[in-house]
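In each ligand, atom 1 is the first atom listed, and ligand 1 is the first ligand listed.
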Amino acid sequence: MPNEPNEKLTKEEVAKAQSNYLRGTIKEELKENSSHFNETNIKLLKFHGVYQQDDRDTRQERIANKLEKEYSFMIRTKLPSGQLTGKQYLQLNEVCNEYANKTLRITTRQTIQFHGIIKGDLHESLNEINKNLITTYGACGDVVRNVTACPVCDIDLDYSIDLTKIAKEISDHLLPNTRSYYEVWVDEEKIDLGNNDEEPLYGKTYLPRKFKIGISLPHDNCIDVFTQDVGIIATEGGFNLLIGGGLGHTHNKPETYPRLASELCFTTQEKLLSILENIVKIQKDYGIRTNRKHARLKYLIDDKGVDWFKNELEKRLGYKLESFKKLNDFKTTDHLGWHKQKNGLWYIGLFIENGRILDDSKKQIKTGLKEIIEEFNPDIRLTAHQNIVLVNIKEEDKNKINEKLETYKIFKEETVSSLRRNSMACPALPTCGLALAEAERYLPNVIDELESLGFKDEVLTLRISGCPNSCSRTPVSELGIIGTSTNKYNVYVGGDFQGTRLNKIYKENVSSQDLVGEIAKLFNAYRENKKTDEGFGNFCTRVSIEKLRLLINH
Ligand code: SRM
């Protein structure tokens, strides 16, 4: 028995159990004339793809003035392997204009988020999104989240397997079954099944925690396969499976930690879905439900061991699993720029800084993308590096699109530095309730300064998160920056460009004033002491953190 009978279940577990399959009183509360939801419905809304937030910029002042917080909602869509049509993109663009803060945000798991929606517009927004055959159901909450996969492997000349189709199959297979989502947002009649058949896979209390699945290839780890609860690597004749990846942790709580997924087994495609389903069921049955900070699959794997997990899985499947196949080195790529497709058409990957699609004084990304998509009707793919790919473009349209990219200052390979191109930040302030420091609003300035100091051509993964939850997958970056409190950051070094190694802490609580200087010292030490073709993360790891500190402080 995984959870001791006498231990107290978390509030989330109680909320799920009493929710009548995620219904709670969301429908009723939606009708009330208030700006926000009660505590229980806030938890349930996540399963529907909705987060209640408040404006962190105005929070303190409003509290001081005894005013209600400025509540708004974030909506997250679910787009397996980041696929949508041009038409769907345009409709999401409309939703963001009509109901949200007029920006679209591409996430690190290949989806789109809206921010700043007020409660009175929630139903309309979700209804509209659903009308366009896009769901937000299970984009958040204790279920299998958006399944990630290389977004161009079905069309790029260098790929021989369509992982996008497999991602969709996995996503459909592991989707929650309850109709509550449709009752609330799509105005379906209430369906009273009155028994457990409403949720055959998940049951009444769903999973103990969020659960992430991603598929990659050894020559393209663009989704960071080692950070997933289940990482799937397409290899000859089938798939290698990894389990127990996850990056979230809490500062100064060593019992929480980032973890790379461990090798589990090899399987053929026919068996893949049933293996995944059973892995999910084991986490459902054994995962910890009394402590949210110990509830991810990674802790179950460390508590019980990979061998225990494999035995349990084999018991449920009724056959022995094949051994993990040895793999060659990993590579990764960002899919930016023009690429020829298998069908003779072209795709172009466009860098979107920190995934935020907006118009500002320097560039009109939102307007430009809308115009290009309206005129050339490409399909859309989103990458796990927060970028957008326009697909199925005719040779004769390439120049016209290049001109528009130039006009709206969207992206030109020559003008985005390698330093910026390989960077990512999570949203952090002002929307995220968990942020300890700035990220998305801060990173562009850090990069501007580093560029002006002459570091624009450095090729490394530089990622910043406003807190150790690590939403921009900071712990697998070569240079990771994680917020500790207002204007303070821990600096980590030593991941690799391919995302197969965790970085380590280099310096704690660096102030935002000193951060660029600290990074510059690291880059200078790297330039002076690196071996030919040695990446920044590999250099830091070879030299070791202790020697790196000595080198810098000599
Ligand atoms: Fe995340 C929670 C944003 C990818 C680990 N994440 C949050 C919330 C919802 C804050 C909250 O719970 O109130 C953030 C909303 C901010 C906002 O204003 O939008 C948030 N996470 C994001 C996104 C939008 C970051 C981005 O820059 O794109 C990503 C949405 C992905 C998606 O489309 O589904 C996002 N989050 C990740 C990743 C990276 C990944 O999955 O590849 C991680 C690390 C991997 C992992 O899960 O271990 C991640 N987010 C977390 C955690 C820590 C989980 C843990 O195990 O401790 C939290 C907090 C939690 O779950 O309690 C969190």
*For Lys212, counting its heavy atoms only, list the atoms of ligand 1 lying under 4.0 Å from any of them.*
36 (N), 37 (C), 38 (C), 40 (C), 41 (O), 43 (C), 45 (C), 46 (C), 47 (O), 49 (C)
*To the nearest 0.1 Å, how far is atom 3 (C) of ligand 1 from its closest protein heavy atom, and which atom is that?*
Arg76 NH2, 3.6 Å
*What about Lys298: any of its N or O atoms under 3.5 Å from an N or O on ligand 1?*
no
*With a 4.0 Å cut-off, would you call Asp302 and Lys298 a salt bridge?*
no
*Provide the closest heavy-atom pair for Val225 versus Gly214 in the form atom of the first, atom of the second, distance.*
CG2-O, 3.9 Å
*asked:* Taking only non-hydrogen atoms of Arg209, do any sit less than 4.0 angstrom from ligand 1?
replied: yes
*Between Gln110 and ligand 1, does any nitrogen or oxygen pair lie at a separation below 3.5 Å?*
no
_Option with minimal heavy-atom separation from atom 19 (O) of ligand 1, where the choices are His385, His115, Arg463_ = His115
_Just to confirm my output: which protein heavy-atom neighbour is closest to atom 58 (C) of ligand 1, and how far is it?_
Lys210 NZ, 3.2 Å
*Please determine which of Lys46, Lys43, Arg209 meets the salt bridge (Lys or Arg N to Asp or Glu O under 4.0 Å) test together with Glu12.*
Lys43
*Are side-chain N/O atoms of Ser262 and Arg259 paired as donor and acceptor at under 3.5 Å?*
yes
*Should Thr111 be counted as touching ligand 1, given the test is an N or O pair under 3.5 Å?*
yes
*Metal environment of atom 1 (Fe) of ligand 1, protein N/O/S under 2.8 Å*: Cys471 SG
*Can you find an N/O atom of Tyr51 closer than 3.5 Å to an N/O atom of ligand 1?*
no
*Can an N or O of Thr227 be found at a distance shorter than 3.5 Å from an N or O of ligand 1?*
no
*What's the shortest distance from atom 48 (O) of ligand 1 to any protein heavy atom, and which residue and atom give it?*
Leu247 N, 2.6 Å
*Donor on one side chain, acceptor on other, Asn41 and Thr25, under 3.5 Å*: yes
_Counting only heavy atoms closer than 4.0 Å, does ligand 1 sit against the backbone of Glu440, its side chain, both, or neither?_
neither
*May I ask you to check whether Asn354 and Glu440 show a side-chain donor-acceptor distance below 3.5 Å?*
no
*asked:* Under a 3.5 Å cutoff, is there a donor and acceptor pairing between the side chains of Asp303 and His294?
replied: yes
*Take Glu29 and Asn38 through the side chain to side chain donor-acceptor pair (under 3.5 Å) test and state the conclusion after the steps.*
CA-CA 8 Å; Glu29 253 205 289; Asn38 70 38; 3.2 Å; yes
_Cation-pi geometry met for Lys119 and Tyr71 (6.0 Å, 45°)_ = no
_Looking at Asp142 and Arg289, is any side-chain nitrogen of the basic one under 4.0 Å from a carboxylate oxygen of the acidic one?_
no
*N/O of His249 under 3.5 Å from N/O of ligand 1, yes or no?*
no
*Phe211/Tyr206 aromatic ring centres below 6.0 Å*: no
*Check each heavy atom of Gln113 against ligand 1 and say whether those closer than 4.0 Å belong to the side chain, the backbone, both or neither.*
side chain
*asked:* Geometry only, no angles: is Arg145 polar-contacting ligand 1 at N/O separations under 3.5 Å?
replied: no
*Short list, please: which atoms of ligand 1 are under 4.0 Å from a heavy atom of Arg109?*
31 (C), 32 (C), 33 (O), 34 (O), 40 (C), 41 (O), 42 (O)
_Where ligand 1 meets Ala425 - atom numbers and elements under 4.0 angstrom, heavy-atom basis_ = 27 (O)
*Quick one: does Asn146 get within less than 4.0 Å of ligand 1, heavy atoms only?*
no
*What are the two closest non-hydrogen atoms of Ser465 and Ser472, and how far apart are they?*
OG-OG, 2.8 Å
*State whether the shortest distance between N or O atoms of Gly433 and N or O atoms of ligand 1 falls below 3.5 angstrom.*
no
_Can you confirm whether more than 12 heavy atoms, excluding those of Lys363, are under 6.0 Å from its NZ atom?_
yes
*For atom 56 (O) of ligand 1, find the nearest protein heavy atom and state the residue, atom name and distance (0.1 Å precision).*
Arg296 NH1, 2.8 Å
*With ring centroids as reference points, do Tyr257 and Tyr299 lie under 6.0 angstrom apart?*
yes
*Selection from Ala439, Ala428, Cys432, Gly466 by shortest heavy-atom distance to atom 10 (C) of ligand 1*: Cys432
*Kindly confirm or rule out an N or O of Arg473 lying under 3.5 angstrom from an N or O of ligand 1.*
yes
*Among side-chain atoms of Asp496 and Thr500, is any donor-acceptor pair under 3.5 angstrom?*
yes
*asked:* With heavy-atom distances below 4.0 Å as the criterion, list the atoms of ligand 1 near Met74.
replied: 15 (C), 19 (O)
*asked:* Let me confirm one number: the OH-OG1 distance from Tyr182 to Thr135, rounded to the nearest 0.5 Å.
replied: 4.5 Å
*asked:* Counting only heavy atoms, tell me which of Arg105, Met424, Lys78, Gln228 gets closest to atom 27 (O) of ligand 1.
replied: Arg105
*Any side-chain donor paired with an acceptor under 3.5 Å for Gln228 and Arg109?*
yes
Donor-acceptor contacts, no H, no angles, side chain residues 479-487, under 3.5 Å, sequence neighbours left out:
unit_1: Thr484; atom_1: OG1; unit_2: Lys488; atom_2: O; d: 3.2
unit_1: Thr484; atom_1: OG1; unit_2: Asn509; atom_2: OD1; d: 2.6

_Centroid-centroid distance, His219 to Tyr159, less than 6.0 Å_ = yes
*Near Gln386, which atoms of ligand 1 are under 4.0 Å from a heavy atom of that residue?*
26 (C), 27 (O), 28 (O)
*Which of the ligand 1 atoms, numbered from 1, are nearer than 4.0 Å to a heavy atom of Thr431*: 17 (C), 18 (O)
*Pull out every atom of ligand 1 sitting under 4.0 Å from any heavy atom of Gly246, numbered as shown with elements.*
48 (O)
